[in-house]
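Each chain gets a letter, A, B and so on, in the order the sequences are listed, and its residues count up from 1. Just the heavy atoms: all of them, side chains too, but no hydrogens, waters or symmetry mates, feed the values below.
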Amino acid sequence: MSNTIVFDNVSKFYGDVLGVNRVNLSIPPGITSLVGPNGSGKTTLMNLMTGLIRPSRGQIRILDMTPDQPEQLFRTVGYCSQFDSFPKGLTGYQFIYSYLLLFGYDPPLANELAWQAIDRVGLREAAHRKCGSYSKGMRQRIRLAQSLAHNPRVLILDEPLNGLDPLVRAETIALFRSFAKQGCHVLLSSHVLHEVDIISDQVILLSGGYVVAEGNIQGVRSEIEDHPMQILIRCDRPSVLASRLFGEDNVVEVRIHDDRRGLLVKTSNPNRFYLLMNRIALDGISIESVAPIDDDVNSVYGYLIGTEEAVR
Amino acid sequence: MRPLWWTQILAVIRLEMKKTFFARRGLWIYLLALAPVALFLAHSLVEIHLRGVRHEMATQSRPITEQDLAAIHEGMTREEVIARLGDPPASRITMRRMPTGPHGFELIPGEVLRYSDGSTELTVVLEKGAVVGTGTTSGSSLGQDTHIFAGVFQFFFIRLAIFFGCLGIFMNLFRGEMLDKSLHFYLLTPVRREILLAGKYLAGLLAATVIFTVSTALQLTAMLLQFDTATISHYLYQEHGISQIVAYLGVTVLACIGYGSIFLAAGLLFRNPIFPAVLVLIWEAANPLLPSLLKKFSVIYYLKSLCPVEIPVDPGMPPLLALLVSNAEPVSAYIAVFGLIALSVAVLAASMTRVRQLEINYTAD
């Protein structure tokens, strides 16, 4: 049995409007983030995966199952969508318990799983209050609990950190990591790019319905050749180091940092540059740190799509 | 051990129960169902009151029969009437406006003398001290009331109350959840969409059946309330009353089955309930005018054949109304039940095809 989520040349059109186009992906277990501005196709991809919408073209397979087999798929998949709505009149507990009964669980097991899920998101005290009376963060958490109550192997989360306070946000990220550690897929969408950096094992960058890059973020960055990589070097003699670097053909630009305690270097070949730094360190210049400053999602997205969209 | 599909259907029904029975926006369905109950209850209470008044009048003076009343002629004076019939136990002073020209009128003083034999009220109408007419008023009979019931049942209860009640209950099963943006929770569970549809239909059917069969039972109870035990026993055991009651309850259930399936399908096809409601209402009303084959694609066609009491066609009735009342092509009870269930199953099968293709796009909905 395959352990990947596969999109095979998938397109979705809403009438004349493009949702996503010619998407080919193979997503391994771990935390994968879908990144892109509003309208880039993140939610469309998630809805396609869960059969809420159907592809105009192409095929999707989730661990060898198709989205039009709900009776098998949703024993493995949990989806926390971004629709902030609930069936009317249900408490948090009733919401999770009632939908667990649809899985065919007997009432005692459904009850046990419901409480486990409620405890995971820390909502035990509010469990008997109606969902309609919850704050935005609580609503987000109870929907998250509902999506993971049946212990799915694939967890799909659309903007799962929206509305959460910093403490709960950290706890939720830890929860995602624990899922990923167990070999599960955690697929989430976000437009908060620094968060994606912290959470993700891999990213899928989307723009205008197209996948513009995918994979490990550093790997994606290294493949962008028309933007030299920016590296910050902290050292005791920046001007000496700068004169040493000017002669190197892979160094495109060297600037002394504003605090005069380091250099900002742009290089067209990071691998050769790192080897060079090793040699320089051996020559007696004290180097505190060498770190790329534009291999985060924000910079990569900016290079690939354009700065204006990346800001979002 | 229960099969999984049945467990899932029960779970769907459990989730839907609160929405179908206790939704605030469904309150009007209860009002619609209880309206004929109120009508029959009011009728019975008025009849009981009038019967009491007639009985009391008969005890207050000599009981007057219709033969006594026949002896009263126009032009007799009040004194002559009282000499023949005795003092009336009740009377009423009247004042009639009689036109005397284009702008003028004359006030005519009068009096109505009321007598009773215990069950019938006999009245003598006097104007300017002389008899101008006589009349009798009897309480309604069970025979008359069963015909009134048949008319209310066919023309209000089935065609309007159950029709619109099912519209409210069944169209909301899918459309209501799309408006509330909560349908996706169902579609993200390991439930086949056909099972989901079946569960929702059964939940709607349970609600509609309970509401409307209880209403039918209450209407029949309210209708019988004014009659004494002997009359009711005679109706139930000698005049096929029990089979009529069973038939009315059965027709109510079948109406919920038929209209329920149609409005469940409409909820999957239409965003606005008004459009399908008008369309189906016209189709059902036009049933007597349709060719024989098309008649069979109508719920009312089967229900009319199953109604136990025929509504008498009055010779003075307008032709269009007479056409609606009469059942030109009645079918046997077996064919009617089978035909209606077959029609409902066909509509549900078409709905299943639709629900399999259903996509969640709340912004478009």
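The environment of R177(A) atom CZ is dense: over 12 non-hydrogen atoms of other residues, nucleotides or ligands sit within 6.0 angstrom. Counting heavy atoms of neighbouring residues, nucleotides and ligands inside a 6.0 Å radius, atom CZ of R22(A) does not exceed 12 of them. Remark: Y30(B) OH is packed, more than 12 non-hydrogen atoms of other residues, nucleotides or ligands lying under 6.0 Å away. Residue Q357(B) places its CD atom among more than 12 non-hydrogen atoms of other residues, nucleotides or ligands, all under 6.0 Å distant. At most 12 non-hydrogen atoms from other residues, nucleotides or ligands lie less than 6.0 angstrom from NZ of K130(A). Annotation for F338(B): atom CZ does not count as buried by contact number, only 12 or fewer foreign heavy atoms lying within 6.0 Å.
Neither the backbone nor the side chain of Q69(A) comes within less than 4.5 Å of any heavy atom in chain B. In this structure, chain A has a heavy atom under 4.5 Å from the side chain of L15(B), while its backbone stays farther away. Of the two parts of L73(A), neither the backbone nor the side chain holds a non-hydrogen atom closer than 4.5 Å to a non-hydrogen atom of chain B. When heavy atoms are compared at a cutoff of 4.5 Å, R2(B) does not approach chain A at all. Heavy-atom distances place the side chain of L4(B), and not its backbone, under 4.5 Å from chain A. Contact annotation for S81(A): only side-chain heavy atoms (C-beta onward) come within less than 4.5 Å of a heavy atom of chain B. Only the side chain of L90(A) comes within less than 4.5 Å of a heavy atom in chain B; its backbone stays farther off.
Rounded to the nearest 0.5 Å, atoms OH (Y186(B)) and CZ (F74(A)) are 15.5 Å apart. Distance CZ/F83(A) to CG/L183(B): 10.5 Å, rounded to 0.5 Å. Atoms CZ and CG, on F185(B) and L102(A) in that order, are 12.5 Å from each other to the nearest 0.5 Å. L188(B) CG to C80(A) SG: the interatomic distance, rounded to the nearest 0.5 Å, is 10.0 Å.
Side-chain contact between I53(A) and I360(B) is absent, with no heavy atoms from C-beta onward closer than 4.5 Å. Between S182(B) and P87(A) there is a side-chain heavy-atom pair separated by less than 4.5 Å. Using a 4.5 Å heavy-atom cutoff, the side chains of R14(B) and L101(A) are in contact. No side-chain heavy atom of D180(B) sits less than 4.5 Å from a side-chain heavy atom of F86(A). Annotation: side chain of K88(A) is not in contact with side chain of F22(B) (no heavy-atom distance under 4.5 Å). Side-chain atoms of E71(A) and Q8(B), non-hydrogen and from C-beta on, never get closer than 4.5 Å to each other.
Listed options V77(A), L52(A), T50(A) were ranked by heavy-atom pairs under 4.5 angstrom with chain B; first place goes to L52(A). When the candidates T7(B), I9(B), V191(B) are compared by the number of heavy-atom contacts under 4.5 Å with chain A, V191(B) comes out ahead. Of the listed residues R193(B), E177(B), K19(B), the one with more heavy-atom pairs under 4.5 angstrom with chain A than any other is R193(B).
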*Please step through side-chain contact (heavy atoms from CB on, under 4.5 Å) for the pair E359(B) and Y14(A), ending with a clear verdict.*
CA-CA 11 Å; E359(B) 294 191 5; Y14(A) 302 98; 5.5 Å; no
